[in-house]
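Not measured: the values here are computed from a predicted model. A, B, ... follow the sequence lines: proteins, then strands. Residue 1 opens every chain.
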Amino acid sequence: MPVRNADIAAVFDEIADILEVEGANPYRIRAYRNAARTVGAYGQDIAALLGGGGTLPKLPGIGADLSAKIAEIAATGTCALRERLRREIPATLVALLQVAGIGPKRAKLLYHDLGIETEAQLLEAARAGRLRRVHGFGEKTERKLIDALQTRLASDRRVPIGHAAVAVDDLLAALRACSGVRSITVCGSFRRMRDTVGDIDLLAVSERPAAVMRCFTGHASVRDVLAQGPARATVVLRSGLQVDLRAIAPESAGAALVYFTGSKAHNIAVRRIAQQRGLKLNEYGVFRGTRRIAGETEASVYRALGLPLIPPELRENRGEIELAAQGRLPELIGRKDLRGDLHVHTRSSDGTADLAVMAEAARSAGLEYLAITDHSRHLRIAHGLDEKRLLRQMAEIDALNARLEGITLLTGVEVDILEDGRLDLPDRVLARLDVVVGAVHDHLGLPRRRQTQRLQRALAHPHLRILAHPTCRLIGEREPIDVDMSVVIACAAEHGRWLELDAQPLRMDLTDRDCEQAHAQGVRISIASDAHGPRDFLWLDYGVGQARRAGLRASDVVNTWPLAALRKALR
DNA sequence: GCCGTTTTCGGCCCGACTGTTTTCAGTCG
């Protein structure tokens, strides 16, 4: 089995986990965590690079020791340190760190004092009242752990960002209406527009924090209050989603936004910059000694550190701070840049609305053109169109275009890519369409080589223009297909094909990293709603967010182009 | 374990909340 970058990252993360339980130097643990992130995000396949006689360039946070371990893992799949650590600490004990309220110190203590190695044993001991015999544990901790263990399975999954947005809608409206509130901002991974969120982080700017806290913990959607103080509170909603609220005074709003938006790695990096300049950065502002010199806005915080404002989507400590320092941050695409959508469905296949309704909804969403791309015949479950029905739809679109104002419909199809890479409709009909979007919907389990060849063949087809939802993943429900994405991207680049960033909440496919790779290879991206109904165009917000995470400018995204330019490119 | 226009050794971001403590450790973000 070839060793992928993700495998190397997993080894480092496991080492960090075990070292935590062992109570090792926290900075050594951080070094392994950072290395895991760096390796996991690295663009090239490291094992292939080293195996081919290449050398790994100097990466931040990776010195002589970690490079040697990377080489060892790339060659063997593991490393001596991990094997040794595994013999010292049971793997199930490491898993205990996932339980809320259990950190490395307590895990170690439980292991030594009570011999507890698994979640099941922990639950049993807590129920039997044995935990309170351990130093630092009491009745209350025991009860909390029982709760945490019982609800863990149901509540620890990350939620697609589009679903989380819906889940906190009511709560946000209530908080914004609360007296004394100047603003409520969703921060955390939501504001960074990650494809999933683990919890929701809210920042309330207010001069009367106590009132906001009461409004928050007393809201009808709240099931449990986990923690509550004058400045912050944590609740669990009835939906199972955890929400943190932090209240802050207006003069500190910007610093608090930076702090609460993260990422953690970005925060650590900018605080280090503050330190190097003889300053201190915390959620209340930037301080020289005890004097606050910035903090009311995010821009003021970054300015005090000698940096331009860094967009939230880039704050992952993946090089954005260096780019900012050099004045080379990209001018990121925004939602308003989108002029069209090149992948939507109607009632003709599995959509819920007809052509005119979808056209009107797209126009209301600020779009100027819309490609109608219903499924093709092979996808029977979605009533896919055969040649005859597709030709009829094309005629309807022509007729409708004559009447429509402010929006233009393009003819198209989401044609199935068959198991062998051929397309599901004859060339003579594909040739007559404005845009052909190709997608895989079955044989998702093909081995890597065959799946990759299948996509290569499809991309080489003269009429295919866009590869839709390239990895076919459904977040939390279905793993991505096993495909060599670097080969697919290279193939798209070679043939001048475009890759889709499908913004359906469950898909968000391409991922931010793949999108970044595609961009680096010069491949254009189509941000598509894959709408099946008139309200689904709001998903485009999340697609744009993901594209921003990948560092895309408007010009990199084909559906920002004016219709004339797009038509020219399509010919 | 990494890193260096003060350093090759001694630093490494900073604060809130909880529970069990008699002044603070552990956990979390």
Q | Shortest non-hydrogen contact between A:D45 and A:A48, atoms and distance | A |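 Looks like OD1-N, 2.9 Å.
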Length of the [atom1]-[atom2] vector between [X] and [N], whole Å:
X: A:N34; N: B:dC2; atom1: CG; atom2: P; result: 11 Å
X: A:R33; N: B:dC2; atom1: CZ; atom2: C1'; result: 17 Å
X: A:K58; N: B:dG4; atom1: NZ; atom2: C1'; result: 13 Å
X: A:I248; N: B:dG29; atom1: CD1; atom2: C1'; result: 14 Å
X: A:I70; N: B:dG1; atom1: CD1; atom2: C1'; result: 12 Å
X: A:L96; N: B:dC28; atom1: CG; atom2: P; result: 12 Å
X: A:I200; N: B:dG29; atom1: CD1; atom2: P; result: 14 Å
X: A:I29; N: B:dC28; atom1: CD1; atom2: P; result: 14 Å

Q. Contact class for A:K69 vs. all strands (heavy atom < 4.0 Å): base, sugar-phosphate, or nothing?
A.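 Sugar-phosphate contact only - A:K69 comes under 4.0 Å of backbone atoms but never of a base.
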Q. What does B:dT18 pair with, Watson-Crick or G-U, if both distances are under 3.5 Å?
A.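 B:dA25 - that is the nucleotide pairing with B:dT18, both distances being under 3.5 Å.
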Euclidean distance for [atom1], [N] against [M] (whole angstrom):
N: B:dC12; M: B:dT20; atom1: C1'; answer: 30 Å
N: B:dC17; M: B:dG1; atom1: P; answer: 36 Å
N: B:dT8; M: B:dC2; atom1: C1'; answer: 12 Å
N: B:dG15; M: B:dT6; atom1: P; answer: 24 Å
N: B:dT23; M: B:dC28; atom1: P; answer: 25 Å
N: B:dG11; M: B:dT7; atom1: P; answer: 14 Å

(Q) Between A:R513 and A:E516, does any side-chain N to carboxylate O distance fall below 4.0 Å? (A)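 Looking at A:E516 together with A:R513, the answer is yes, because their closest N to O distance falls below 4.0 Å.
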Q. Got a salt bridge between A:E142 and A:R133, using NZ or NE/NH1/NH2 to carboxylate O under 4.0 Å?
A.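 No, A:E142 and A:R133 are not salt-bridged.
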Q: Compute whether any side-chain donor of one residue and acceptor of the other, for A:T261 and A:R191, lie under 3.5 angstrom apart.
A: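 Yes, a side-chain donor-acceptor pair sits under 3.5 Å.
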Q. Taking atom types as modelled and ignoring hydrogens, do the side chains of A:R292 and A:S252 form a donor-acceptor contact shorter than 3.5 angstrom?
A.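 The answer is yes; a qualifying pair exists.
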Q. Got more than 12 heavy atoms from elsewhere within 6.0 Å of CZ, A:R176?
A.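 Yes, the 6.0 Å shell around CZ holds more than 12 heavy atoms from other groups.
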Q. Taking atom CD of A:E139 as the centre, does the number of heavy atoms from other residues, nucleotides or ligands within less than 6.0 Å exceed 12?
A.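 Not more than 12 within 6.0 Å, no.
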Q) Which nucleotide in the set B:dC2, B:dG29, B:dC3 lies at the smallest distance from any side-chain heavy atom of A:D65? A)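 It is B:dC2.
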(Q) Taking salt bridge (Lys or Arg N to Asp or Glu O under 4.0 Å) as the definition, give me every residue that meets it alongside A:E313, ordered by chain and number, with sequence neighbours left out. (A)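 Only A:R548 meet the salt bridge (Lys or Arg N to Asp or Glu O under 4.0 Å) criterion with A:E313.
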Q | 5' priority, DNA chain B, between A:G103 and A:A31 [closest heavy atom] | A |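 Nearest-nucleotide comparison on DNA chain B picks A:A31.
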Q) Nucleotide by nucleotide, 5' to 3', does protein get under 4.0 Å of the base (B), only the sugar-phosphate (S), or neither (-) in nucleotides 12-21 of chain B, counting heavy atoms? A) BBBSSSSSS-
